Amino acid sequence: MLHLSLTPLLVLVLGVSLGAAFPHDPLRKDCRLSKYQNILPKEQKAADNMRREFFFSLSLGLCPQMNNHKCNTRLFYRKWNAVDLPMSDRVVLVAAELNLTTAMLELPAAPSFAEARRRPLEFFTHAREDVQGCPLSLQVDPSHQPSGRLRHWLHKLQVAMQTESTACLRATTVLHVLQVLDNLRCAALRDKC
């Protein structure tokens, strides 16, 4: 069972739920999401290399703490993509994914994976900080509520964080880092995604 701090996720979920009660600017000055419209190929390659190194280390048994990496929850297998969500929901999705990704990459690791994750962890940490500067809802209508798809996925994430092993969450997160990059880019492109 994962005992990481659920505070950022709970704040995110509560913020979305209560967001309609407070007016907010469509794009605040500290929202630096637009810089992720074109994610550099070297960042994508570093994330892919990290992913391959992780599963190579796992296959060789170099990560004894990862023995129980099987999951009951298929967290990143969704019948929808970020582009299928309203623009405002994309930011909430990406914020949750970035919180999970950075939390999993910050965990102790075998030396070879620790080196491979260094650059992607820096990138995801910066992206998380940039997205945190964005309002939870990027549209003008203050009565907006998150879509059912997003609410369902946030609930699924919350349950997974309480019931799945850290090894499971780490493995599934590392496996899907390229999807997180795509979702970040989609959120940054807004209506051009």
Side-chain angles (χ1 to χ4, degrees), residues 1-15 30-33 35-36 39-40 42-77 82 91-134 136 153-185 187-188:
M1 198 178 304
L2 182 64
H3 296 291
L4 295 175
S5 172
L6 293 177
T7 304
L9 180 61
L10 293 175
V11 168
L12 180 69
V13 172
L14 285 173
D30 54 348
C31 181
R32 298 182 299 264
L33 190 58
K35 75 182 192 181
Y36 298 102
I39 297 172
L40 296 175
K42 66 181 180 181
E43 300 298 350
Q44 293 176 342
K45 185 175 181 178
D48 193 38
N49 288 342
M50 174 196 63
R51 193 171 62 94
R52 281 186 272 136
E53 178 60 39
F54 177 80
F55 286 101
F56 179 72
S57 297
L58 195 61
S59 70
L60 293 179
L62 299 176
C63 302
Q65 70 273 25
M66 294 300 295
N67 289 339
N68 184 21
H69 67 277
K70 301 294 183 204
C71 299
N72 295 317
T73 306
R74 296 173 53 117
L75 194 55
F76 285 92
Y77 292 96
V91 175
V92 176
L93 171 69
V94 167
E97 288 180 341
L98 289 171
N99 282 336
L100 176 64
T101 302
T102 54
M104 294 299 106
L105 293 181
E106 288 172 342
L107 294 172
S112 59
F113 178 66
E115 179 57 31
R117 75 171 177 193
R118 186 183 51 78
R119 184 182 186 119
L121 178 57
E122 287 175 11
F123 177 83
F124 286 119
T125 300
H126 288 298
R128 180 185 67 190
E129 291 167 1
D130 290 340
V131 170
Q132 284 175 347
C134 299
L136 290 176
W153 186 81
L154 288 171
H155 177 72
K156 187 176 177 180
L157 172 62
Q158 187 176 15
V159 169
M161 291 182 75
Q162 294 169 350
T163 59
E164 295 289 357
S165 70
T166 303
C168 151
L169 291 171
R170 184 185 219 176
T172 195
T173 300
V174 171
L175 179 63
H176 292 93
V177 291
L178 298 177
Q179 181 179 343
V180 174
L181 286 176
D182 287 343
N183 293 344
L184 175 60
R185 182 178 172 274

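Owing to the predicted nature of the structure, the values given are computational and were not obtained by experimental measurement.
- With hydrogens and angles ignored, the 3.5 Å screen pairs no side-chain donor or acceptor of R128 with any backbone N or O of T102.
- Atoms CD and CG, on Q132 and L33 in that order, are 12.5 Å from each other to the nearest 0.5 Å.
- The two residues A116 and M50 come nearest to each other via the heavy atoms O-CB, 3.6 Å.
- Listed here is the closest heavy atom pair of P120 and A46: CG-O, 3.5 Å.
- Summarising the geometry, atom CG belonging to L100 is positioned 12.0 Å from atom CZ belonging to R170; distances are rounded to the nearest 0.5 Å.
- H155 is listed as a side-chain neighbour of V159, based on a closest heavy-atom distance under 4.5 Å.
- A donor-acceptor pair under 3.5 Å is formed between the side chain of W153 and the backbone N or O of L75.
- The aromatic rings of H176 and Y77 sit perpendicular, their planes meeting at an angle over 60°, well past the 30° parallel limit.
- One finds the CD atom of E129 at 6.5 Å from the OG1 atom of T125 (value rounded to the nearest 0.5 Å).
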**OP:** Decide yes or no on side chain to side chain contact (heavy atoms under 4.5 Å, CB included) for V180 and F124, but give the supporting numbers first.
**Re:** CA-CA 9 Å; V180 174; F124 286 119; 3.9 Å; yes

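- Closest heavy-atom contact between P108 and R117: C-NH1, 4.2 Å.
- The heavy-atom pair separating L154 from A96 by the smallest distance is CD2-CB, 3.8 Å.
- How far CG of L175 is from CZ of F76: 9.0 Å, rounded to the nearest 0.5 Å.
- For the atom pair SG (C168) and CE (M161), the distance works out to 11.5 Å, reported to the nearest 0.5 Å.
- To the nearest 0.5 angstrom, N183 atom CG is 11.0 Å from L178 atom CG.
- The shortest non-hydrogen separation linking A47 to V177 is O-CG2, 3.8 Å.
- At distances below 3.5 Å, not a single donor-acceptor pair connects side-chain atoms of K35 with backbone N or O atoms of A127.
- Counting non-hydrogen atoms of other residues, nucleotides and ligands closer than 6.0 Å to NZ of K156 gives a total above 12.
- The side-chain heavy atoms of Q44 and L181, taken from C-beta on, include a pair separated by under 4.5 Å.
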**OP:** Might you work through the side chain to side chain contact (heavy atoms under 4.5 Å, CB included) test for K45 and N49, ending with a clear yes or no?
**Re:** CA-CA 6 Å; K45 185 175 181 178; N49 288 342; 3.7 Å; yes

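- With sequence neighbours left out, R52 forms a salt bridge (Lys or Arg N to Asp or Glu O under 4.0 Å) with D48.
- T173 and L169 get closest at one heavy-atom pair: OG1-O, 2.7 Å.
- Under 4.0 Å is where a charged nitrogen must lie from a carboxylate oxygen, and between R119 and E122 no such pair does.
- Formation of a donor-acceptor pair under 3.5 Å by the T101 side chain with backbone atoms of E97 is found in this model.
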